[in-house]
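Since the structure comes first, as structure tokens, the remarks are kept for the end.
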Amino acid sequence: MKSLWDEPAARAMVKAYAAEGVGEDIALRTYSARLLGADPRLVLHGGGNTSVKTSAGDLYGEEIAVLCVKGSGWDLAAIEPAGHPAVRLAPLLRLRALEALSDEDMVNAQRQSLLQSLSPTPSVETLLHAFIGEKFIDHTHAVALLVLANQPDAGALIARLYGRRVACVAYVMPGFDLAKRAAAIFDAQVGLEGLVLLNHGLFTFGATARQSYERMIDLVSVAEDYLAARPPLAPAPRRSTGAPAAEVLPLLRGVLSQGAQASWPSRWVLDLRADHEVMRLVDDARLAEWAARGVATPDHVIRTKRYPLVLGEPGGDLRGWRDKARAALAAYIADYQDYFSRNAARAGGGKTQLDPLPRVVAISGVGLIGIGRNAAEAAIAADVAQSWATTLLAAERAGRFTPLGEADTFDMEYWSLEQAKLGKSARGRLEGCVAVITGGGGAIGAATAQAFAREGAQIAILDNSEGAAVTAAQAIDARALALVCDVTDPASVEDAFAAVCRRFGGVDVVVSNAGAATTGMIADLPAADLRASFELNFFAHQAVAQAAVRIMRAQNMGGVLLFNASKQALNPGADFGAYGAAKAALLALVRQYALEHGADGIRVNAVNPDRIRSGLLTKAMIASRAAARGVDEATYMAGNLLGEEVTAEDVAQAFVFAALMRRTTGAVITVDGGNVAAMVR
Ligand code: ZN
């Protein structure tokens with residue numbers, strides 16, 4: 001591991017922040033905190049914390065000594081000066097004289113001493129930062145250190161590797177007791193560069209931001225060099241599972257959903273990791289035994305639970321595998337409930353059980369799967385699981401992975417201060433749903449994708465234009481999936497749906513939207529044109545529906561199929577025969593799917609939009625039609641009962657509502673501002 005400290009970059013940051021009135025100490029604190037946060041080998045997702053002791057002016061113009069320490073809710077990778085709120089140092093230091101201090105009193109004392117009353121709550125490790133008398137302090141959960149700190153003989157090993165550069169602190173939960181214990185060890189030994197918290201992580205400190213940061217890099221590098229020299233583990237036997245992940249994940253998603261009680265979340269997004277290292281872990285015969293050992297640092301328990309659900313290799317008999325997975329999940333849940341009862345009683349009660357479902361699944365031959373209420377949460381679980389795999393394998397090479405036991409892990413999992421890190425963000429109405437939108441790069445498709453994303457759904461955009469798909473996905477966020485798909489080619493459709501399953505674990509909502517109009521009087525129309533219109537406006541919808549239904553039935557969680565029909569299906573227009581006939585057939589298809597898959601819980605509805613500015617109705621077409629009717633463009637576009645132009649956003653809203661209507665199937669929803677001739681009858 002190399003120091004990424006770049007003096008010109010650091011000075012530039014000092015200068016830039018000075019223009020905003022931010023002092024040099026905070027600017028450099030921000031600079032090096034970001035360096036730490038950017039490396040997943042050091043910290044992951046809100047883990048780790050940093051501080052600087054400096055001074056700040058109060059209302060009376062007096063300078064007061066403050067500790068600026070990471071506030072909860074901030075991620076080191078993207079921290080800003082406001083992410084290190086200033087706490088008066090003197091009242092924090094006074095606390096050290098106390099014999100005991102409850103977590104609630106500690107948090108209260110920290111908040112009382114904030115310079116800005118609205119600042120985020122300072123880190124749970126604030127007192128440790130306060131009591132250690134060094135200007136800059138950095139704390140990480142570096143993987144290489146966790147490999148050492150989770151060995152049975154960690155103390156001796158660390159002493160051998162580092163000599164008197166670091167001292168070890170036996171595990172105790174973060175808070176007042178840890179702060180006092182760590183500070184006592186720090187005070188007793190002159191010249192320390194860092195403290196290793198056994199089973200937990202590493203603190204370094206220094207007179208400058210650079211010194212503290214570079215000590216961190218240096219101490220972690222010593223561990224890395226030691227580990228690199230350990231003999232490798234014997235390779236795991238190569239497994240070649242007969243079942244691709246795209247088929248296994250929807251089954252797993254269904255198992256998780258059906259294994260949940262009513263009060264637990266039941267719709268999950270999955271995130272598969274299957275790199276070389278992960279496969280080394282999941283293909284090892286010791287997987288189940290390894291998995292039961294525990295988390296690499298207690299902080300991770302809130303992301304991954306104490307251990308993953310372990311499932312065997314799916315072979316050719318996927319139904320048989322699913323039955324075994326159901327039984328394994330039931331056992332996992334029962335085990336978790338026992339763990340809770342046992343430890344809640346030990347802790348004196350007063351705890352509320354979290355849902356007992358796993359957040360990571362390890363499947364031989366497939367990989368490690370993060371589970372979350374949305375893709376972001378699933379990715380965090382998967383990142384932490386991957387880091388756990390790295391730590392465990394390296395620890396087994398170096399000796400034996402021996403993490404913290406059940407009781408201490410439980411105390412962390414059910415510590416109110418730790419749960420607060422998870423935040424209480426509002427859940428969208430379609431949270432946990434995966435929505436696929438074909439023609440997602442077009443006007444209606446892109447607006448629909450955004451409308452579903454606003455409701456919390458994960459989005460896959462399928463379009464025959466890569467550029468359009470990517471642009472529409474980027475307009476949502478980095479997690480939206482853009483896939484090139486020719487919906488008239490069933491193999492291309494199958495590939496796209498398989499990619500969606502590999503990425504998110506399955507499919508819940510499909511908006512089959514891609515289409516285009518062929519014009520010309522029907523009697524003069526070349527047969528090839530009519531057939532081409534049916535390929536795109538009818539058979540493509542069938543290919544999409546077939547692919548979707550196969551996945552929805554594998555999941556056994558119901559589903560929603562929505563089709564963009566057209567006003568033409570009910571109210572034909574001259575020259576639009578090829579389009580209207582195919583769309584009329586599409587309406588029949590909608591009813592057929594509604595009829596045959598109601599019992600699977602799959603709702604099937606059509607939306608009939610009309611006169612929307614899009615690829616089907618271009619600016620030139622609007623101009624010529626308005627001219628033909630002797631009206632201006634705005635009047636032409638508002639030519640409906642409501643007298644208002646209908647937009648792609650209106651259609652998008654109709655698709656969202658259709659996805660939410662729990663007891664409606666086989667319906668046609670018209671979005672045309674009102675047109676008597678096009679009303680469903
Ligand atoms: Zn920590």
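Counting starts at 1 for both ligands and their atoms, following the listed order.
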Ring centroid separation Tyr414 to Phe340 under 6.0 Å: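 When the ring centroids of Tyr414 and Phe340 are compared, they turn out to be within the sub-6.0 Å range.
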Please list every donor-acceptor pair under 3.5 Å in which a side-chain atom of residues 150-157 meets a protein atom from a residue at least two apart or in another chain.
unit_1: Asn150; atom_1: OD1; unit_2: Asn199; atom_2: ND2; d: 2.8
unit_1: Asn150; atom_1: ND2; unit_2: Leu146; atom_2: O; d: 3.0
unit_1: Asn150; atom_1: ND2; unit_2: Ala296; atom_2: O; d: 2.8
unit_1: Gln151; atom_1: OE1; unit_2: Arg400; atom_2: N; d: 2.8
unit_1: Gln151; atom_1: NE2; unit_2: Val147; atom_2: O; d: 3.3
unit_1: Gln151; atom_1: NE2; unit_2: Ala395; atom_2: O; d: 3.0

Polar protein atoms (N, O or S) that approach the Zn ion (ligand 1) to under 2.8 Å: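 Counting only protein N, O or S atoms under 2.8 Å from the Zn ion (ligand 1), the list reads His139 NE2, His141 NE2, His200 NE2.
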Candidate pair Asn49 and His129, rule side chain to side chain donor-acceptor pair (under 3.5 Å), full reasoning: CA-CA 9 Å; Asn49 43 61; His129 287 265; 2.7 Å; yes
Test ring-ring contact (aromatic ring centres under 6.0 Å, His included) applied to His139 - qualifying residues, sequence neighbours left out: His141, His200, Phe203
Lys305 to Tyr336 six-membered ring, cation-pi geometry met (6.0 Å, 45°):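 Yes.
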List the atom pairs, donor and acceptor, that lie under 3.5 Å between side-chain atoms in residues 178-190 and the rest of the protein, sequence neighbours left out.
unit_1: Lys180; atom_1: NZ; unit_2: Arg96; atom_2: O; d: 3.4
unit_1: Lys180; atom_1: NZ; unit_2: Leu98; atom_2: O; d: 2.7
unit_1: Asp187; atom_1: OD2; unit_2: Arg96; atom_2: NH1; d: 3.2
unit_1: Asp187; atom_1: OD2; unit_2: Arg96; atom_2: NH2; d: 2.8
unit_1: Gln189; atom_1: NE2; unit_2: Arg164; atom_2: O; d: 3.2

